[in-house]
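Note sheet for the following structure.
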2 protein chains.
Amino acid sequence: MITLYDVAREAGVSTATVSRVIHGQDRVRDVTRQRVNEVIERLGYVPDGAAQSLSRRRKEIIGFVCVESRARQYDVENMNLLYYDEVMRGVGAGVSDSGWSLLITYLNGENGQDFPRLRNLSGKVDGMLIGHAVVPSPLLARLTERVPVVVIAGAPGETTVDVVTADNRSGSAALVTHLIEAHGRKRFYHADGPAHVADLKERRLGLERVIRAHPGCRVIGSFPGELSVQSGVEAGESLLASHGASLPDAVVAANDQMAIGILQALTQAGVRVPEDVALVGFDDIYPGCLSDPPITTVHQPMRMLGERACIRLMDRMVRPGLRPRAEVLPVDLVLRSSCGCPPGTAMRLPVTPVRGSRLARTGNGAAGLSTADGVARTARAARPQRAPRSQPAEITES
Amino acid sequence: MITLYDVAREAGVSTATVSRVIHGQDRVRDVTRQRVNEVIERLGYVPDGAAQSLSRRRKEIIGFVCVESRARQYDVENMNLLYYDEVMRGVGAGVSDSGWSLLITYLNGENGQDFPRLRNLSGKVDGMLIGHAVVPSPLLARLTERVPVVVIAGAPGETTVDVVTADNRSGSAALVTHLIEAHGRKRFYHADGPAHVADLKERRLGLERVIRAHPGCRVIGSFPGELSVQSGVEAGESLLASHGASLPDAVVAANDQMAIGILQALTQAGVRVPEDVALVGFDDIYPGCLSDPPITTVHQPMRMLGERACIRLMDRMVRPGLRPRAEVLPVDLVLRSSCGCPPGTAMRLPVTPVRGSRLARTGNGAAGLSTADGVARTARAARPQRAPRSQPAEITES
DNA sequence: GGTCTTAATGTAAGCGCTTAGATTCCAAAA
DNA sequence: TTTTGGAATCTAAGCGCTTACATTAAGACC
């Protein structure tokens with residue numbers, strides 16, 4: 001292995017000079033620089049990352065923790081991972097902009113039995129990005145005291161750790177408002193996910209608030225699913241079994257995977273979507289636009305979640321000790337045809353934050369409308385595809 | 001920051017002892033061990049990765065290089081990335097089994113202008129995994145002289161670097177054989193991808209060989225696409241424009257993305273799949289089973305590609321200097337209904353390697369049949385879903 | 001009690017790099 | 001010629017860990 005010393009010796013200079021040449025900054029005579037560069041090239045020298053990290057007291061690596069699906073073999077539920085893959089791409093972009101690297105760790109379970117590995121990881125990175133609820137809170141805290149940590153997608157009310165998340169509540173409200181006001185749907189079925197997932201709690205809140213605000217509207221049943229296509233199929237079957245005689249007007253699924261499963265089950269049973277029953281998802285993962293009908297959903301800015309989380313983390317590394325904040329990113333309503341909009345519809349509309357969503361406080365251009373009504377109106381008025389976006393909101397928890 | 005010295009001092013022992021306690025191996029009196037462990041716990045000590053790497057002369061990190069799609073914003077073509085995401089998951093599994101870490105780097109272009117970053121990366125890892133053609137050959141060679149490198153998915157005939165790839169040729173042959181022998185298709189349209197992609201070259205070879213072996217069969221046209229859904233739509237439109245009057249019997253797409261695009265274009269034009277024209281894809285990315293009809297394709301063992309590449313790399317790090325080898329993994333034929341099989345078909349059949357494919361040499365249970373015929377027969381005989389798999393073939397290039 | 005053996009622990013030399021501070025060089029000023 | 005003030009370069013002290021080797025402690029045995 002070629003070291004700095006080899007280069008220095010060969011070029012007849014000191015290691016300090018070589019180091020300076022490599023980092024380009026300091027004043028080195030041109031002739032010296034040239035000589036050194038030539039030797040570096042000839043010897044194929046590449047600085048050792050570990051030694052650099054040790055010496056600089058900075059690794060320039062950030063860690064990203066994913067949950068590995070339990071089942072290793074190819075499996076439809078891998079689609080779950082689409083979400084994190086997209087987030088990761090955002091992180092990747094954020095990280096490499098600054099020339100840093102991304103260290104990925106796949107955890108096996110969500111229950112934190114892998115904590116020793118995580119802890120160990122914290123010695124290899126300058127900061128960590130973790131999906132919400134991937135690591136139980138108490139363990140998270142222990143991690144936080146070693147390295148800066150930013151949690152991606154979680155409760156916007158979190159006060160103990162930095163969080164970057166999307167405005168799930170407003171998205172859900174916009175979706176339901178659209179179903180009610182644009183398509184006159186009144187009786188809803190809710191294909192929900194696990195009760196404890198923070199994002200879902202918010203979606204539930206959005207849904208309930210809108211329902212309550214519209215007299216005559218109600219939820220006629222719900223299914224406790226688990227966010228997978230398979231689980232969606234089960235939700236669909238359960239729906240048919242319990243409400244087959246009088247179908248709801250619309251099914252609101254906790255995410256797109258479930259919506260896809262539900263669509264399969266309904267179609268299988270000869271129920272037409274959206275004629276017999278409307279259907280909406282959440283997240284806007286790609287396959288959602290492939291089904292027939294394509295699924296109306298809410299676009300989560302997954303990529304941007306990754307990027308913002310990364311930026312937040314970098315900031316925390318520079319100025320540690322600031323009070324944790326939550327950053328809530330705006331979402332878009334994505335109208336396709338499973339909600340009842342005409343076939344061929346493909347519209348993407350910024351969602352106006354609802355009252356109580358973290359975004360609402362800072363507001364954006366259209367803010368001030370009392371609820372998601374604004375969105376429904378916008379929806380009918382076929383705005384241009386790429387409407388101007390509001391800035392993400394920065395809120396200090398207090 | 002807490003260091004080993006802090007722990008040693010606090011516990012009243014030497015750093016050597018602490019180090020021994022941490023690594024569990026050496027003989028340390030139980031009482032000492034306990035005392036040290038307690039201090040470690042109390043202080044929340046975590047060893048510094050950089051220092052460990054430097055001292056051990058091993059980083060226990062392997063690098064994985066991806067190509068970042070040029071367009072950063074959300075974009076249907078991200079689906080391209082499904083492939084690498086899946087591979088990466090395999091790599092992740094392989095890596096974490098051994099307790100190592102995975103360093104991801106997103107490159108912007110495929111043309112190697114990012115080489116300095118790559119080169120630098122090689123100083124931070126013990127080995128690298130690179131997608132085929134992501135890095136131009138000459139640059140690859142320069143990388144190889146610094147760290148072990150394994151290329152994923154590429155020409156099985158490669159002799160200058162280690163490669164782990166899938167048996168594209170046999171997969172493609174099996175697909176076309178199935179179309180001919182099970183569904184009597186004779187006139188083919190080929191929606192191809194870029195000419196230089198190694199995997200596609202293999203697929204082309206498989207296609208051509210089977211066509212040639214069946215008198216009366218021929219390719220009536222082809223489209224030079226670029227593996228994206230959009231490109232598939234264009235291929236479909238081009239097909240309709242040039243052969244609308246007398247459609248081919250079947251369209252063979254270079255990958256599933258293109259097949260999906262083609263399906264959209266055909267459906268749009270009122271052409272029925274598979275009644276009017278059969279359609280097949282390649283890769284078996286998840287959304288392929290969501291379309292209507294679901295797309296018949298060839299399953300690439302993406303996850304396993306990642307795992308095997310990882311294993312190969314580990315091996316290379318232990319015993320460098322061995323002659324580069326290619327490892328070709330078997331593929332499965334995935335029958336759904338876009339090929340003409342009845343709706344509801346969902347069958348997965350191991351593909352018998354064709355002559356000339358690298359796998360054929362070592363063969364598997366069914367090897368010895370002269371071509372892919374064996375597959376076609378198997379296909380009709382509705383075997384159990386999970387048939388026993390042959391071992392991947394190890395071939396030393398010579 | 002002394003000697004020997006072995007288990008337990010300590011000492012200190014790196015690993016390859018960065019960088020503060022010391023030194024040398026060189027040309028302009030005196 | 002001698003000063004002198006930068007610019008260019010060098011010296012060497014870490015960074016936090018591992019580990020070969022040295023030392024000490026504790027029995028075992030005579």
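Numbered from 1 within each chain, the chains take letters A, B, ... in sequence-line order. All figures in this text were calculated on a predicted structure; none of them were measured in a lab.
Ion pairing between a basic and an acidic side chain is recognised when a charged N comes within 4.0 Å of a carboxylate O; B:K124 and A:E60 show no such pairing. Ion pairing between a basic and an acidic side chain is recognised when a charged N comes within 4.0 Å of a carboxylate O; A:D315 and A:R319 show such pairing. Using a cutoff of 4.0 Å between basic side-chain nitrogens and carboxylate oxygens, B:R89 and B:E86 are scored as salt-bridged.
Between B:L102 and B:M88, some side-chain heavy-atom pair lies under the 4.5 Å cut-off.
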Go through A:D162 and A:R316 one step at a time and tell me if the salt bridge (Lys or Arg N to Asp or Glu O under 4.0 Å) criterion holds.
-> CA-CA 9 Å; A:D162 281 289; A:R316 273 316 184 244; 2.8 Å; yes
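Residue-level contact check: B:G12 touches the backbone only, with heavy atoms under 4.0 Å from sugar-phosphate atoms and none from bases.
A straight line from CZ of A:R35 to C1' of D:dT9 spans 11 Å, rounded to a whole angstrom. Distance A:K59 NZ to D:dC17 C1': 12 Å, rounded to the nearest Å. Straight-line distance from the CD1 atom of B:I2 to the P atom of D:dC15: 15 Å, rounded to whole Å. In this structure, A:R9 atom CZ and D:dT11 atom P are separated by 14 Å, rounded to whole Å. Rounded to an integer number of Å, the gap from A:R58 CZ to D:dG16 P is 14 Å. The CG atom of B:D126 sits 14 Å away from the C1' atom of C:dC15 (whole-angstrom rounding). Atom pair B:R56:CZ and D:dT18:C1' shows a separation of 8 Å (rounding to whole Å applied). We find that CD1 of B:I22 is positioned 14 Å from C1' of D:dT19, with the value rounded to whole Å.
Using modelled atom types and a 3.5 Å distance limit, the side chains of B:E158 and B:T160 yield a donor-acceptor pair.
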Provide a list of protein-nucleic acid N or O atom pairs under 3.5 angstrom, restricted to nucleotides 20-22 of chain C.
none

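B:R57 has no side-chain polar atom (N or O) that falls below the 4.0 Å cut-off from OP1 or OP2 of C:dC15. Of the side-chain N and O atoms in B:S19, one or more sit less than 4.0 angstrom from OP1 or OP2 of D:dT18. Between A:S14 and D:dT9 there is no side-chain N or O to OP1 or OP2 distance below 4.0 Å. Regarding contacts with the backbone of D:dC17, every side-chain N or O of B:S53 stays at 4.0 angstrom or more from both OP1 and OP2. Listed pair B:Y5 / C:dG10 fails the phosphate criterion, with no side-chain N or O lying under 4.0 Å from OP1 or OP2. Between B:S55 and the phosphate of C:dG14, there is no side-chain N or O to OP1/OP2 separation shorter than 4.0 Å. The phosphate of C:dT18 (OP1 or OP2) has a side-chain N or O of A:Q52 nearer than 4.0 angstrom.
Judged by distance alone, the side chain of B:D97 and the main-chain N or O of B:G94 form no donor-acceptor pair under 3.5 Å.
Comparing A:V31 and B:P47 along DNA chain D, the residue whose closest nucleotide (by nearest heavy atom) sits nearer the 5' end is A:V31. Projected onto DNA chain C by closest heavy-atom contact, A:T15 and B:V13 fall at different nucleotides, the more 5' of which corresponds to B:V13.
Applying the salt bridge (Lys or Arg N to Asp or Glu O under 4.0 Å) criterion to A:E41, with sequence neighbours excluded, gives B:R142.
Nearest to the side chain of A:T17, among D:dT9, C:dT9, C:dC17, sits D:dT9.
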